[in-house]
There are 2 protein chains.
Amino acid sequence: MANQFGERIRQLREKQELFLRQVAPSLDMDTAQLSKIEKGIRQIKKEQIAILAEVLETNKEELLTLWLADQVSNLIEGEPMADEVLKTVSKNRKNN
Amino acid sequence: MANQFGERIRQLREKQELFLRQVAPSLDMDTAQLSKIEKGIRQIKKEQIAILAEVLETNKEELLTLWLADQVSNLIEGEPMADEVLKTVSKNRKNN
DNA sequence: TTAGACTTGTCAAATAATGACAAATATAAT
DNA sequence: ATTATATTTGTCATTATTTGACAAGTCTAA
């Protein structure tokens with residue numbers, strides 16, 4: 001299960017030398033939840049990504065991109081025609 | 001909201017000159033549900049796609065690809081970094 | 001105006017996601 | 001060994017979302 005988002009926010013949190021207990025309250029959750037989010041077991045709410053970006057002093061676009069990429073990966077992973085799916089989506093985007 | 005899948009199965013059903021009431025029972029649903037699926041209001045179950053492919057005498061891979069492409073499109077549509085997301089996912093696939 | 005095909009709306013039931021908390025584990029300092 | 005702190009894991013009631021089933025609606029063409 002893809003979890004680039006979780007890995008990245010953990011990396012950032014550690015770089016800032018912050019503990020889960022210091023970050024979790026900003027997102028209005030406990031450390032258990034945030035731990036699971038970093039491990040990809042639970043989902044963060046999309047709206048919370050911007051808050052997290054601020055706390056971790058990073059770019060919210062980067063985090064949102066990783067988060068969306070994880071969602072997409074989880075949808076198509078294990079599918080034999082995954083590449084075809086991505087091609088189809090890309091093609092459609094250009095037509096619209 | 002992307003609905004290539006629904007449009008395609010309607011097209012196929014009409015080509016086979018089948019009515020909703022003739023197809024719906026194969027999927028163990030009523031015409032109302034199938035109608036909504038064709039319109040993209042409700043989701044078909046992934047496992048039902050193969051059955052539908054048989055009934056409509058088409059390739060199940062094609063239908064599954066369209067169905068997955070719709071899911072992906074709905075995830076990323078409206079996102080400013082949608083293209084970046086697709087690129088990220090493609091890149092990750094190659095690495096794994 | 002009736003019949004058939006399809007669509008729309010509603011709502012209870014089923015299913016999944018979330019929040020909150022307790023308990024477990026890990027690590028390091030005392 | 002014991003304590004303290006950080007993180008992880010498990011559980012479970014609550015909440016949210018999805019589904020299935022049905023009734024009633026529109027639309028078209030006899």
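Chain identifiers are assigned alphabetically (A, B, ...) following the order of the sequence lines, protein sequences preceding nucleic acid strands; residue numbering begins at 1 within each chain.
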How long is the line joining [atom1] of [X] and [atom2] of [N], in whole Å?
X     : N      : atom1 : atom2 : value
A:I37 : C:dA17 : CD1   : P     : 14 Å
A:E38 : D:dT7  : CD    : P     : 8 Å
A:R42 : D:dT8  : CZ    : P     : 15 Å

*Could you pull out all residues at least two apart from A:E7 that satisfy salt bridge (Lys or Arg N to Asp or Glu O under 4.0 Å)?*
none
*Can you sort out the partners of A:E77 under salt bridge (Lys or Arg N to Asp or Glu O under 4.0 Å), two or more places apart, ordered by chain and number?*
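With neighbours one apart ignored, the set is empty.
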List the atom pairs, donor and acceptor, that lie under 3.5 Å between side-chain atoms in residues 20-28 of chain A and the rest of the protein, sequence neighbours left out.
from: A:Q22; atom 1: OE1; to: A:F19; atom 2: N; distance (Å): 2.6
from: A:S26; atom 1: OG; to: A:V23; atom 2: O; distance (Å): 3.2

*Got A:F5 and A:L68 here, is their nearest side-chain heavy-atom distance under 4.5 Å?*
no
*Applying side-chain hydrogen bond (donor to acceptor under 3.5 Å, both in side chains), which residue pairs with at least one partner in residues 65-76 of chain B are found, sequence neighbours left out?*
B:Q43-B:Q71
*Check DNA chain D against residues 14-35 of chain B and give the residues with a non-hydrogen atom under 4.0 Å, in numerical order.*
B:D30, B:A32, B:Q33
*Could you list by number each residue of residues 2-13 of chain A showing a heavy-atom separation from DNA chain D of less than 4.0 Å, or answer none if no residue does?*
A:R10, A:R13
*asked:* Nearest 0.5 angstrom please: B:I49 CD1 to B:I9 CD1, how far?
replied: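 With rounding to 0.5 Å, CD1 (B:I49) is 9.0 Å from CD1 (B:I9).
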*Using a cut-off of 4.0 Å between protein heavy atoms and nucleotide atoms, how would you tag nucleotides 23-30 of chain C 5' to 3' with B, S and -?*
--------
*Can you list, by residue number, the residues of residues 45-57 of chain A that have a non-hydrogen atom closer than 4.0 angstrom to DNA chain C?*
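Residues of residues 45-57 of chain A under 4.0 Å from DNA chain C: A:K45.
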*May I ask you to check whether over 12 heavy atoms, not counting those of A:E17, lie within 6.0 Å of atom CD?*
no
*Which residue pairs pass the salt bridge (Lys or Arg N to Asp or Glu O under 4.0 Å) test with at least one member in residues 36-51 of chain B, sequence neighbours excluded?*
A:E79-B:K46, B:R10-B:E38, B:R13-B:E38
Which atom pairs, donor and acceptor, lie under 3.5 Å between side-chain atoms of residues 50-58 of chain A and protein residues at least two apart or in another chain?
from: A:T58; atom 1: OG1; to: A:E62; atom 2: OE1; distance (Å): 3.2

*NA contact type, B:K36, heavy-atom cut-off 4.0 Å: base, sugar-phosphate, or nothing?*
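Base, at least one base heavy atom under 4.0 Å.
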Report all side-chain donor-acceptor pairs from residues 82-90 of chain A shorter than 3.5 Å, counting only partners two or more places apart or in another chain.
from: A:D83; atom 1: OD1; to: B:R93; atom 2: NH1; distance (Å): 2.8
from: A:D83; atom 1: OD2; to: B:R93; atom 2: NH1; distance (Å): 3.4
from: A:T88; atom 1: OG1; to: A:E84; atom 2: O; distance (Å): 2.8
from: A:S90; atom 1: OG; to: A:L86; atom 2: O; distance (Å): 3.1

*Can you list the steps and then say if A:L12 with A:L63 is a side chain to side chain contact (heavy atoms under 4.5 Å, CB included)?*
CA-CA 11 Å; A:L12 289 166; A:L63 294 188; 4.1 Å; yes
